[in-house]
Each structure stands twice: as structure tokens, then as C-alpha cells.
Asker: 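Dropping a structure here in C-alpha cells format, bear with me for questions.
Predicted, not measured: the structure shown is a model, and the values here were computed from it.
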2 protein chains.
Amino acid sequence: MDNQEIRNAGLKVTLPRVKILELLENSTQRHVSAEDVYKLLLDKGEEIGLATVYRVLTQFEAAGLVARHNFEGGHAVFELDRGEHHDHIVCVVCGKVEEFMDATIEQRQREVAQERGFEMADHSLIIYGRCNKHKEA
Amino acid sequence: MDNQEIRNAGLKVTLPRVKILELLENSTQRHVSAEDVYKLLLDKGEEIGLATVYRVLTQFEAAGLVARHNFEGGHAVFELDRGEHHDHIVCVVCGKVEEFMDATIEQRQREVAQERGFEMADHSLIIYGRCNKHKEA
DNA sequence: AGATAGATGAGAATCTTTTTCATTACGAGT
DNA sequence: ACTCGTAATGAAAAAGATTCTCATCTATCT
């Protein structure tokens, strides 16, 4: 359960941490900003300081529990890391985000890194486009 | 020449714009933040306000003269768009940035977007890793 | 239960970027 | 080249996101 995941991360099992993790697991939105988390918790009657939300999300990221993404727009969004790696495709009109995984791309990335003497640690791929509802005529 | 590029963007040819474009063309660093541009200009004795730097870079981006990247770390970096599209590979230890272009990846991205009903407009791919000088034993 | 190291909350501080507004400069037309 | 209207600039304030400070509180270990 959650508590164990927090403990495994070397963190004390505190109410803010449990609530934030729960929220990430149950939220309908996969990608939430720190501000989102803060407000969603407020809506549920949980008074957790914004500074704590930032701290906890950063700790969860360090522990590999959540991933932080720098989409366009200046602020970071977080999502629960459910083990399955994936990339994102974002509609530039409505902001809808879909996830995908493509083995060919994954493989080529590894090769490209190697060809340049790099040892790949991670990557970030975001495709921007217009979704079926917002394609141009 | 530069002036024509600025004019083509529908912008007046002003001293700040010319100086910023020149700097982007001649800088040894390919990826510079707005703050970098501001300071580099100061070093050259050009007193151009930071607000103007932001405004001009945003205008250049809209005109397709420069590309804006959201690497990790909260602030955006800009680079002159020389027509040739490319992606980036960044060393997580020293911050070194190399550019690359891989036709296979480009092609697959287009296909992935299509398979999901998207019309690809742009994309951002950043590989993070350790360069040859910082690989683990 | 008590001690202690770690966690929290509130607000201040910091950093990046945008906005406001008064002043200045480009460039079209003469 | 000169004038004028519009767009551009600079400085400072504002806004937005994130981090830090520090006094207080609380898991966890004994």
C-alpha cells in the first residue's frame, strides 16, 4: 500500500504525504501542477501548505514515485509513475494530452545516444499537434 | 542580411532587435536564456532592457527566427533557427548540449501522431545522459 | 511515554517572465 | 530632409512559480 511506498523512499509516513499520494492515484487528471494538487486538496478539506506540496512532490520525484514534466507554459506538471514509461502528445489547441510508447523510437534514441558517446539516462519526447477535433480543414 | 529578416517578420528594424539577432548569430553558446542575452549585451556595452530582450525573443520566436526550448530548470533557452531541424542530447553532469537529427525517429513521430488522429505541428525531443567524459565506470 | 530527528505551515524571499505607462524612435508620406 | 502617427523601448511594478526560513509540531525509535 501507499504507506510502504513512502517508507521505501526513506520518508516518514505523514498525513500530507499520504494525502498527496492518494490524490495522485485517484485523480482523473493525470498531469497536475503543484498548484492543482494544492487546490484539489483544499477542495477535499485537506489544509496542506503549498510549500509542503512542492517539497513532497520533489521528494516523490527523487524517489521515482512521480515524474516531472516541463511542458510549454512555464510551470511543471507531475504525474504518478506507474512503471510503464511513455511519452506525450499534446494538442496545441485544446491542451489535451495523450500518452504513447513506441518501441522503434525508444530503440533509436538509445542508438543515437551511443553513437555520440553518451550513455542515455532518460529522455523527454513531446509531440505537439492538433487533435482530431482541432485539425485544420 | 539581418535587417531584412527583421523586416520580413513585420517588425521595425530597431537597434535592440538588430543587436539581439547579431548576438544570436555570433554567440559561441547556441542555447542562451533571456538573462544570458541581456548580460552578454551589457558586456558589449549595449544597454538594452531585460523586458525588451524578452519581448524581442518572443517576437523572433513567433516569426520563426528562433526556437524556444524548455529544458529542465525552470527557465527557457533560445537558439537561432537555422532551418535545419534538430533535437538535443544533454549531459546531466556537465550540461553539455549536442544536437542531432534522426530520420527514423522523425518519421515514426509523424506516424505515431497520425495513428492517434493528430496532425503533428512540432515536437520536442531531449535525451538526457552522461557524455563520454562523465560516464560511470 | 519520551527524546529526537525530521516534517510542516506561513510568510518572506527569489527567480523568471509579463505588464504598465511615459518617453522615444522608426519609417511612410511629403 | 521634415513631420507625424504608430510602434518600440526602458524602468519599475506586477504576476506567477518555486524555494527558503524558522518556529512549531509529530512520526518513529527506545
Asker: Just jot down the side chain to side chain donor-acceptor pair (under 3.5 Å) partners of A:R130, sequence neighbours excluded, or say none.
Answerer: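 Counting only residues at least two positions away or on another chain, A:R130 forms a side chain to side chain donor-acceptor pair (under 3.5 Å) with B:E119.
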Asker: Would you mind telling me which residue lines up with the more 5' stretch of DNA chain C, B:G74 or B:L15, judged by nearest nucleotide?
Answerer: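 Going by which nucleotide is closer to the 5' end, it is B:G74.
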Asker: I need the CD-P distance between B:E72 and C:dT16, as an integer number of Å.
Answerer: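 That distance rounds to 16 Å.
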Asker: Could you work out which one of C:dT18, D:dT28, C:dT17 sits closest to the side chain of B:T58?
Answerer: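 Nearest nucleotide to the side chain: C:dT18.
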Asker: Quantify the bending of the helix from C:dA1-D:dT30 to C:dT30-D:dA1 as the angle between its end axes, each fitted on five pairs, to 10°.
Answerer: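 Both end axes considered, the difference amounts to 40°.
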Asker: Report the nucleotide, chosen from C:dT16, D:dT9, C:dG27, that has the shortest atom-to-atom distance to any side-chain atom of B:R7.
Answerer: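 Given the options C:dT16, D:dT9, C:dG27, the side chain of B:R7 is closest to C:dG27.
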Asker: On DNA chain C, nearest-nucleotide positions of B:H75 versus B:T14: which is more 5'?
Answerer: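 With B:H75 and B:T14 compared, the 5'-side residue is B:H75.
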Asker: Drop me the distance from B:R17's CZ to B:I6's CD1, to the nearest 0.5 angstrom.
Answerer: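 Nearest 0.5 Å value for the CZ-CD1 distance: 7.5 Å.
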Asker: Between atom CD1 in B:I6 and atom P in D:dA8, what is the gap in whole Å?
Answerer: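 Computing the B:I6:CD1 to D:dA8:P distance gives 11 Å.
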Asker: Do B:H123 and B:H85 have their ring centres less than 6.0 Å from each other?
Answerer: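 Close enough - the centres of the two rings lie under 6.0 Å apart.
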Asker: Between atom NZ in A:K19 and atom P in D:dA27, what is the gap in whole Å?
Answerer: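 These atoms are roughly 13 Å apart.
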Asker: Restricting to non-hydrogen atoms, name the atom on B:D81 and the atom on B:A67 that form the minimum distance, rounded to 0.1 Å.
Answerer: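 Between these two residues, the closest heavy atoms are CB-N, 4.4 Å.
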Asker: Once you round it to whole Å, what is the distance between C1' of D:dA27 and CD of A:Q59?
Answerer: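 Rounded to the whole Å, the gap is 14 Å.
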Asker: Looking only at the side chain of A:R55 (C-beta and beyond, no hydrogens), which of the listed nucleotides C:dT16, C:dG9, D:dT18 gets closest?
Answerer: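 Nearest listed nucleotide: C:dG9.
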Asker: Out of C:dA7, D:dT18, D:dT9, which nucleotide sits closest to the side chain of A:L11?
Answerer: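 Out of C:dA7, D:dT18, D:dT9, the nucleotide with an atom closest to A:L11's side chain is C:dA7.
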Asker: Of the residues in residues 35-52 of chain B, which ones touch DNA chain C at a heavy-atom distance under 4.0 Å?
Answerer: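 Going residue by residue through residues 35-52 of chain B, the ones with a heavy atom under 4.0 Å of DNA chain C turn out to be B:L50, B:A51.
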Asker: Check for me whether the distance between the ring centres of A:F71 and A:H88 falls short of 6.0 Å.
Answerer: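 Yes, close enough.
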Asker: Tell me the closest heavy-atom pair linking A:P16 and A:T52, and the distance in Å.
Answerer: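 It is CB-CG2, 4.0 Å.
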Asker: Ignoring hydrogens and angles, state whether a donor on the side chain of A:E79 or A:H86 is under 3.5 Å from an acceptor on the partner side chain.
Answerer: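 Short answer, yes.
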Asker: Please determine, for the side chain of A:A34, which listed nucleotide (C:dA7, D:dT18, C:dG9) has the closest atom?
Answerer: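 Comparing C:dA7, D:dT18, C:dG9 against the side chain of A:A34, the answer is D:dT18.
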Asker: Considering heavy-atom distances to DNA chain D, does B:V56 or B:K12 have its closest nucleotide positioned more toward the 5' end?
Answerer: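 Its nearest nucleotide lies further toward 5', so the answer is B:K12.
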Asker: Using a cut-off of 4.0 Å on non-hydrogen atoms, how would the nucleic acid contact of B:R17 be classed: base, sugar-phosphate, or nothing?
Answerer: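 Result for B:R17 = sugar-phosphate.
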Asker: So which heavy atom on A:D36 is nearest to which on A:Q29, and how close?
Answerer: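 Result for this residue pair: OD2-OE1, 4.2 Å.
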Asker: For residues A:F60 and A:L11, determine if any side-chain heavy atom of one lies less than 4.5 Å from a side-chain heavy atom of the other.
Answerer: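 Side chain of A:F60 against side chain of A:L11, heavy atoms only: contact under 4.5 Å found.
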Asker: Quick one: CD1 on A:I105 to CD on B:Q109, what's the gap to the nearest 0.5 Å?
Answerer: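 It is 5.0 Å, given to the nearest 0.5 Å.
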Asker: Could you state the CD-P distance from B:Q4 to C:dG27, rounded to the nearest angstrom?
Answerer: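 Computing the B:Q4:CD to C:dG27:P distance gives 11 Å.
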Asker: D:dT19 C1' sits how many Å from A:E61 CD, rounded?
Answerer: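 Interatomic distance, CD of A:E61 to C1' of D:dT19: 15 Å.
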Asker: If the cut-off is 4.0 Å, is A:Y54 near the phosphate of D:dT19, judged by side-chain N/O to OP1 or OP2?
Answerer: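 Answer no for this pair, as no side-chain N or O of A:Y54 is under 4.0 Å from OP1 or OP2.
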